[in-house]
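Order of the sequence lines sets the chain letters (A, B, ...), proteins ahead of strands, with each chain counted from 1.
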Amino acid sequence: MTGTQILVPVRDSVTLRNTVAYAAESAVDAEPGAAPTLHFVYPVSERVTVGDPPEDATELLDRVRAWVAEDLGDNAASIGVETALVGPDEYLFNPGDYADVLGRYAAENDVETVVLDPEFNPSGMTPLLPPLETELERAGLAVEIAPVERPTRRFPLARRAGLGQFAVLFGWAYGFYLLVGGTLSTFDLATGAISGLVVAGLLWRISLSGFVDVSRLAGRLGRLVVYAPFLLWEIAKANFQIAYVVLHPDLPIDPEVVEFDAAVWSELPVTTLANSITLTPGTLTIDVSRRHFTVHALTDGAREDLLGGTLERAVRFVFYGRSAARIPSPAERDADSDDAERPTEGENA
Amino acid sequence: MTPREIAIALLAAGGVFFAFVAAVGILRLPDLYTRSHSASKSDTLAAGLSLAAVALTFGSDLSTIKALLLLLFMFITNPTAAHAIARAAAEEGIEPWTREEEVDE
């Protein structure tokens with residue numbers, strides 16, 4: 001039976017709406033006078049150290065609130081509703097991690113019952129690990145899977161995109177194995193197939209997310225080929241500067257931490273830029289939170305190069321084409337709008 | 001010496017030079033952040049040059065492809081590791097060394 005404090009972990013899913021309705025119903029059915037409370041919590045998979053919590057999380061929680069208000073109707077006054085984000089300061093990798101943060105939240109709020117959305121399936125859940133349900137029970141919570149109707153699941157045929165991803169990933173892994181192995185003996189073919197299956201089985205949910213737009217990908221790859229020599233040249237040039245600084249008797253370094261918002265938008269470009277910054281000697285990416293970069297710069301020159309935006313422009317060129325490359329550099333943008341708290345940039349402007 | 005041998009020697013020498021710079025940097029630089037600059041990047045280039053020399057030595061061989069792949073992975077993993085270390089340090093609240101605090105090491 002459900003207790004009076006009910007915890008519902010939420011993530012966007014097809015059955016979330018019905019799960020919320022079920023949870024609301026259980027709260028209404030609870031014994032009168034028990035003052036039941038519904039806790040809807042959103043476990044944040046990534047770590048959020050700087051800035052606001054992810055928008056989709058807060059949005060989803062708002063939506064859940066609205067649904068609950070609708071479901072509770074006249075009972076809304078007697079039933080408490082709480083929403084929360086949990087685990088924003090750590091990475092959640094597997095069901096155990098999720099159970100940990102949910103268990104901690106439950107302990108803080110005297111929750112004994114968890115109503116689980118059957119389709120609750122955030123990143124990190126894989127068929128190889130014990131399911132969240134087991135992990136939560138191990139943490140001492142009563143778990144109830146919401147008995148909601150789910151759309152017919154013809155696994156895996158219903159997820160054609162997923163199957164495609166699996167196949168592509170398997171193909172890559174297998175091909176790579178054979179390439180590095182260098183032979184096509186029966187032994188290699190067999191072990192390669194096994195390795196490919198293991199790799200694809202472990203990673204197909206987290207790599208190659210989304211559909212691939214072939215023509216756009218080709219354009220990007222083409223520009224990436226242009227970018228690589230440019231990056232190598234930048235690396236070589238900057239390495240000589242660092243060699244000079246390190247070998248100079250006076251050690252003319254002037255390290256500073258610089259923060260700026262890069263004008264790149266999605267995951268891959270941001271990752272590319274962050275890695276390029278780190279690869280270019282003299283600058284080291286310390287933290288990235290979506291577009292906000294915290295960079296340690298070893299010398300004044302390295303800092304000016306960074307804010308000059310050459311790398312950033314190059315990354316934009318790779319991912320968005322030539323027109324996007326002409327956006328002003330971070331230094332110019334900063335001169336235009338002198339509002340944000342950027343402690344060190346003022347000295348270089 | 002054929003031109004290829006000269007190129008190999010130059011690449012290898014470059015690799016040794018930057019590995020040396022990385023080592024000197026680790027010894028001379030004042031704090032974790034500055035040291036990880038030296039440890040990660042001069043080292044990446046050093047390894048890159050050495051591997052390029054290896055690839056050139058083997059000529060057209062499967063080993064060349066492997067050396068090139070190693071090179072690629074080096075360029076992806078090294079900055080990632082440096083970033084992880086620096087970020088961990090930042091999370092622990094280690095303050096970066098700056099000019100103002102001390103004039104000399």
Practice task
Please report the C-alpha distance between His248(A) and Tyr244(A) in whole Å, then the side-chain angles of each, then the deciding distance to 0.1 Å, and finally whether the ring-ring contact (aromatic ring centres under 6.0 Å, His included) criterion is met.
Solution key: CA-CA 6 Å; His248(A) 194 285; Tyr244(A) 168 79; 5.4 Å; yes
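Looking at Leu179(A), the atoms closer than 4.5 Å to chain B (heavy atoms on both sides) sit in the backbone and in the side chain alike. For chain B, no part of Thr271(A) is nearby; none of its heavy atoms comes within less than 4.5 Å. Contact annotation for Phe75(B): both backbone and side-chain heavy atoms come within less than 4.5 Å of a heavy atom of chain A. Contact annotation for Thr44(B): only side-chain heavy atoms (C-beta onward) come within less than 4.5 Å of a heavy atom of chain A.
Annotation: maximal heavy-atom pairing with chain B below 4.5 Å, among Asn239(A), Thr278(A), Ile235(A), occurs at Asn239(A). The greatest number of non-hydrogen atom pairs below 4.5 Å with chain A, out of Leu45(B), Ile85(B), Asp31(B), is found for Leu45(B). Contact tally against chain A (heavy-atom pairs below 4.5 Å) for Leu69(B), Ile65(B), Asn78(B): the top residue is Leu69(B).
Here the closest non-hydrogen pair linking Ile253(A) and Pro255(A) is C-CD, 3.8 Å.
With contacts defined as side-chain heavy-atom distances shorter than 4.5 Å, the pair Asp97(A)/Val101(A) does not qualify.
Donor-acceptor pairing under 3.5 Å is lacking for the side chains of Thr272(A) and Tyr227(A). For the residue pair Tyr174(A) / Ser195(A), no side-chain donor-acceptor distance below 3.5 Å is found, with atom types taken as modelled.
A centroid separation of less than 6.0 Å is found between the aromatic rings of Phe240(A) and Phe18(B).
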